[in-house]
Amino acid sequence: MTVLDEALAVPEGTPAAAVDLASRWREHDAQFKSARSQAPRADSALHIDRGSHVVLTAPHGTRHYRAGAMKQADLHTASLTLLAGEVSQVSTVVSAGARAEWETWDERDDEFSRHLRDLGDPARMLIDIHGMGDHHGPDFCLGTGPRPGALEEAAVEILRAELAPFAVAVDSPFDASPHYTVTSLAQRHLDLAGLQIEVAARWRSPHDDAAAPAVAALTRALAAVEDHLRAAA
């Protein structure tokens, strides 16, 4: 067990209904920052395996390289992913560094990418959590990637239904098709389904209790996708 695993260990058997989303999210946010500062090297990542068909990923929770350039973090996407994984009881892979420069997945070799390549049964779909600016408009954007199939189509329908109170766009403004996305890695290289969820900034602050309804809806939606994949397996 790594430093990150120890710092972010989630109590097993905690009922989802018993989780106070706002306070638990703040705990994850504080623990992630603390664990990241103790990480043994810059490219550390955290993998929490819950034996699920869905695996949530957060590649941009810290400053990171994308397409050869250093980018700012998608704020709070790491802690949001950890919270969503806990409540929906699905596995998570969260980057805590990813500062090594890379251009393509073939040349990327860090803890985050190795965790993804090492996924085995029962993993069937990667759902990649990103953050987008409020100026884009929607509350959530679902990107179906370069090679969407039946699983992506089913997941989109489930997510749109579960997130119905919110504005949900599909493939606009982000379609997750560029070669450097996790969704592209899943579909093109890992023989897995893949989907990207962009979350507007207004729903991404663990310090704003008003964000809780959107986070609760997202966790319910992710649990519903997991239930669908289990039933279809």
Side-chain angles (χ1 to χ4, degrees), residues 45-47 52-62 64-69 71 73-74 77-78 80-82 84-85 88 90-95 98 102-120 122-133 136 138-160 162-163 168-200 204 218-219 221-226 228-229 232:
L46 170 69
H47 177 205
S52 58
H53 291 68
V54 169
V55 179
L56 301 182
T57 62
H60 298 158
T62 63
H64 53 279
Y65 270 97
R66 186 169 74 242
K71 305 289 185 179
D74 289 0
T77 53
L80 173 59
T81 300
L82 292 167
S88 59
V90 301
S91 301
T92 54
V93 181
V94 174
S95 174
W102 61 283
E103 292 282 351
T104 69
W105 285 105
D106 288 337
E107 68 186 35
R108 182 173 179 178
D109 183 26
D110 57 14
E111 282 197 52
F112 180 79
S113 64
R114 287 193 292 272
H115 281 311
L116 298 185
R117 291 190 177 93
D118 290 344
L119 290 172
R124 298 184 67 197
M125 172 177 275
L126 300 185
I127 296 184
D128 194 35
I129 306 298
H130 287 228
M132 65 179 175
H136 289 294
D139 298 308
F140 299 95
C141 175
L142 312 179
T144 60
R147 297 179 180 175
L151 290 182
E152 285 86 356
E153 292 176 4
V156 166
E157 290 307 308
I158 291 168
L159 288 162
R160 292 179 76 173
E162 295 290 336
L163 296 171
V168 179
V170 178
D171 288 335
S172 178
F174 303 102
D175 63 8
S177 64
H179 73 277
Y180 50 76
T181 67
V182 170
T183 303
S184 182
L185 172 70
Q187 295 175 357
R188 291 181 180 274
H189 301 281
L190 301 183
D191 196 27
L192 295 171
L195 193 71
Q196 180 174 295
I197 302 180
E198 297 270 356
V199 183
R204 277 191 284 119
L218 179 60
T219 58
L222 294 169
V225 174
E226 171 66 15
H228 174 79
L229 292 185

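Predicted, not measured: the structure shown is a model, and the values here were computed from it.
- Taking CG of Leu119 as the reference point, atom CE of Met125 lies at 13.5 Å (rounded to 0.5 Å).
- Proximity of Leu190 to Leu126: side-chain heavy atoms (C-beta onward) are separated by under 4.5 Å at one or more points.
- No donor-acceptor pair under 3.5 Å is formed between the side chain of Glu111 and the backbone N or O of Leu46.
- Looking at Arg204, its side chain never comes within 3.5 Å of a backbone N or O of His130 through a donor-acceptor pair.
- Shortest non-hydrogen contact noted between Val55 and Ala123 is CG2-CB, 3.9 Å.
- Looking at every heavy atom in both residues, Pro138 comes nearest to Ala200 through O-CB, 3.6 Å.
- Two residues are said to be in side-chain contact when any heavy atoms from C-beta on lie closer than 4.5 Å; Val199 and Phe140 meet this criterion.
- Across Leu163, Leu159, Leu56, a single residue satisfies side-chain contact (heavy atoms from CB on, under 4.5 Å) together with Ile197, and that is Leu159.
- Counting only distance, with no hydrogens or angles, the side chain of Ser184 and the backbone of Thr181 share no donor-acceptor pair below 3.5 Å.
- Atom CD1 in Ile127 sits 11.5 Å away from atom CG in Leu192 (nearest 0.5 Å).
- Between His47 and His115, the angle of the ring planes lies from 30° to 60°, which puts this pair in the tilted group.
- No side-chain donor-acceptor contact under 3.5 Å links Arg160 to the backbone of Val168.
- Of all heavy-atom pairs spanning Asp171 and Gly145, the tightest one is OD1-N, 4.5 Å.
- Side-chain atoms of Pro146 and Arg188, non-hydrogen and from C-beta on, do get closer than 4.5 Å to each other.
- Considering Ser172, Cys141, Pro173 in turn, Pro173 is the only one that fulfils the side-chain contact (heavy atoms from CB on, under 4.5 Å) rule with His136.
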How far apart are the C-alpha atoms of Val93 and Val182, what are their side-chain angles, what is the distance that settles it, and do they pass the side-chain contact (heavy atoms from CB on, under 4.5 Å) test? CA-CA 11 Å; Val93 181; Val182 170; over 6 Å; no
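- The main-chain N or O of Gly194 is found under 3.5 Å from a side-chain atom of Glu152 such that the two form a donor-acceptor pair.
- Rounding to the nearest 0.5 Å places NE2 of His60 at 12.5 Å from CD1 of Ile129.
- Going from atom CG of Asp110 over to atom OG of Ser95 covers 6.5 Å, rounded to the nearest 0.5 Å.
- Side chain of Gln187 to backbone of Arg147: a donor-acceptor contact under 3.5 angstrom is found.
- Nearest heavy-atom pair across Thr219 and Ala84 is CG2-CA, 3.6 Å.
- When all heavy atoms of Phe112 and Pro59 are compared, the closest pair comes out as CZ-CB, 3.7 Å.
- Between the CZ atom of Arg108 and the CG atom of Leu116 there is a distance of 8.0 Å, given to the nearest 0.5 Å.
- Checking side-chain atoms of Gln196 against main-chain N and O of Thr183 turns up no donor-acceptor pair under 3.5 Å.
- In terms of heavy atoms, Pro122 sits closest to Ser52 at CG-O, 3.6 Å.
- Partner of Thr57 under the side chain to side chain donor-acceptor pair (under 3.5 Å) criterion, out of Thr81, Thr77, Thr92, Asp128: Asp128 alone.
- How far NE2 of His189 is from NE2 of His179: 8.5 Å, rounded to the nearest 0.5 Å.
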